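Working notes, beginning with the structure itself.
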Amino acid sequence: MTKRGFFVSFEGGDGCGKTTQMRLLLERLRADGKDVLETAEPGGTPIGRQIRRILLDSANEALSPRAEMLLYFACRAQNVDEWIRPALAAGRVVVSDRFTDSTLAYQGEGRGLTAGLVRELHGIACQEILPDLTIYLDIDYRTGLSRARARNAGQEGPDESRMESQAEEFHDRVRQGYLALAAAEPKRIRTIDAGQSVEAVAAAIWAEVEPYV
Ligand code: TYD
């Protein structure tokens, strides 16, 4: 039997604090001597980063919902084949900033594409690869959005605001989508209140991850 590593993903609406919390978890895992692969969706691999540019460029207003969904999955298929599957086969810990739950929440609930379609594409893009544990950082969408927009306004480099620029109702649906996913799979998807202090959120995340590593 192939030795299998451990796969944890981070999920949440825009501005939920994922980046900070992922960094803290990665530091802790590496300090413990774990062999960790850090990746992200959309992005991760060099090819994925090129797809990310198309997805997040605010000039691409005309991108259709199905084209958007397929690009997110194209990015993920590349990530699974090039990075994630080999890392898990080598027994490494894989930490991903977002995975298919994002597509279920954003394209499924947010855009109104059916969950059945998203899951079917997941099967094609990722085959049997699914996180063992998913940390969902739950935050009121208005608080998250104002954080995300403030961060983007102060950022140099490419414009990555296309998703954040969606209407508030879109982000509200995304959050409802996440809450429904977490209710349906409470064992895999662990919900953490992201409105707490950075330290409290980090401690709650570690309590979830530690038993697995
Ligand atoms: P990300 O880089 O994680 O941005 P943030 O730090 O603001 O959360 O994700 C980029 C955007 O892409 C984000 O708005 C969520 C969206 N997204 C989808 O709509 N579908 C997906 O499948 C993924 C992975 C992300």
Side-chain angles (χ1 to χ4, degrees), residues 7 9-23 26 38-45 47-58 60-61 63-80 83-84 94-115 117-126 129-131 134-155 157-178 181 194:
F7 183 11
S9 64
F10 275 75
E11 293 286 351
D14 293 72
C16 66
K18 269 186 302 98
T19 310
T20 305
Q21 291 299 334
M22 231 184 96
R23 183 176 47 75
L26 286 163
E38 172 186 358
T39 188
E41 291 283 323
T45 66
I47 289 169
R49 282 198 287 280
Q50 297 177 57
I51 301 173
R52 177 184 172 94
R53 230 177 288 140
I54 302 172
L55 279 164
L56 301 187
D57 185 343
S58 61
N60 291 336
E61 267 176 35
L63 191 61
S64 85
R66 279 180 305 118
E68 177 183 278
M69 173 176 59
L70 289 166
L71 285 172
Y72 277 114
F73 272 120
C75 202
R76 192 161 306 138
Q78 185 66 34
N79 205 348
V80 164
W83 281 7
I84 298 177
V94 174
V95 184
S96 185
D97 187 344
R98 301 189 179 281
F99 205 66
T100 295
D101 297 302
S102 281
T103 320
L104 285 162
Y106 281 79
Q107 280 66 49
E109 286 301 317
R111 299 278 188 232
L113 297 167
T114 67
L117 184 58
V118 178
R119 290 187 195 279
E120 199 176 322
L121 288 169
H122 169 82
I124 295 168
C126 310
I129 302 282
L130 192 72
T134 294
I135 302 292
Y136 166 52
L137 298 180
D138 183 48
I139 195 155
D140 167 63
Y141 73 94
R142 287 195 185 90
T143 312
L145 267 187
S146 57
R147 280 195 207 165
R149 286 173 179 161
R151 175 194 60 197
N152 263 1
Q155 214 166 42
D159 178 352
E160 293 199 329
S161 64
R162 195 180 66 86
M163 297 305 286
E164 280 145 30
S165 319
Q166 304 296 313
E168 298 227 333
E169 299 74 53
F170 173 84
H171 292 281
D172 189 19
R173 287 197 298 276
V174 170
R175 185 181 186 207
Q176 298 312 320
Y178 272 128
L181 287 171

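Numbering of ligands and ligand atoms starts at 1, following listing order. These numbers were taken from a predicted model, which means no experiment stands behind them.
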When you check the side-chain N and O atoms of Ser9 and Ser96, is any donor under 3.5 Å from an acceptor?
->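 Side-chain D/A pair, Ser9 to Ser96: absent.
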
Verify the distance criterion only: is there a donor paired with an acceptor across the side chains of Arg98 and Tyr106 at less than 3.5 Å?
->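 Arg98 vs Tyr106: donor-acceptor pair found between side chains.
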
Please could you name the atoms of ligand 1 that [X] approaches to less than 4.0 Å, counting only its heavy atoms?
X      : result
Arg52  : 2 (O)
Gln107 : 18 (C), 19 (O), 20 (N), 21 (C), 22 (O)
Glu41  : 24 (C)
Glu164 : 7 (O)

In the protein, which heavy atom is nearest to [atom], and how far is it?
atom                    : result
atom 22 (O) of ligand 1 : Thr103 OG1, 2.6 Å
atom 1 (P) of ligand 1  : Arg98 NE, 3.6 Å
atom 14 (O) of ligand 1 : Asp14 OD2, 2.8 Å
atom 16 (C) of ligand 1 : Tyr72 OH, 3.2 Å

Are side-chain heavy atoms of [X] and [Y] found at a separation under 4.5 Å?
X      : Y      : value
Met69  : Leu117 : yes
Tyr141 : Glu168 : yes
Gln176 : Asp172 : yes

So which bit of Glu68 gets within less than 4.0 Å of ligand 1, heavy atoms only: side chain, backbone, both or neither?
->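 Neither part.
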
Side chain or backbone of Leu56 under 4.0 Å from ligand 1, or both, or neither, by non-hydrogen atoms?
->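 The answer is the side chain.
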
Does Arg149 come within less than 4.0 Å of Asp14, counting only side-chain N to carboxylate O?
->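 So Arg149 does not pair with Asp14 through a salt bridge.
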
Carefully, step by step, assess Glu11 and Tyr178 under the rule side-chain hydrogen bond (donor to acceptor under 3.5 Å, both in side chains).
-> CA-CA 8 Å; Glu11 293 286 351; Tyr178 272 128; 2.6 Å; yes

Winner among Arg151, Gln166, Glu160 once heavy atoms are compared against atom 5 (P) of ligand 1 =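 Among Arg151, Gln166, Glu160, the closest heavy atom to atom 5 (P) of ligand 1 belongs to Arg151.
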
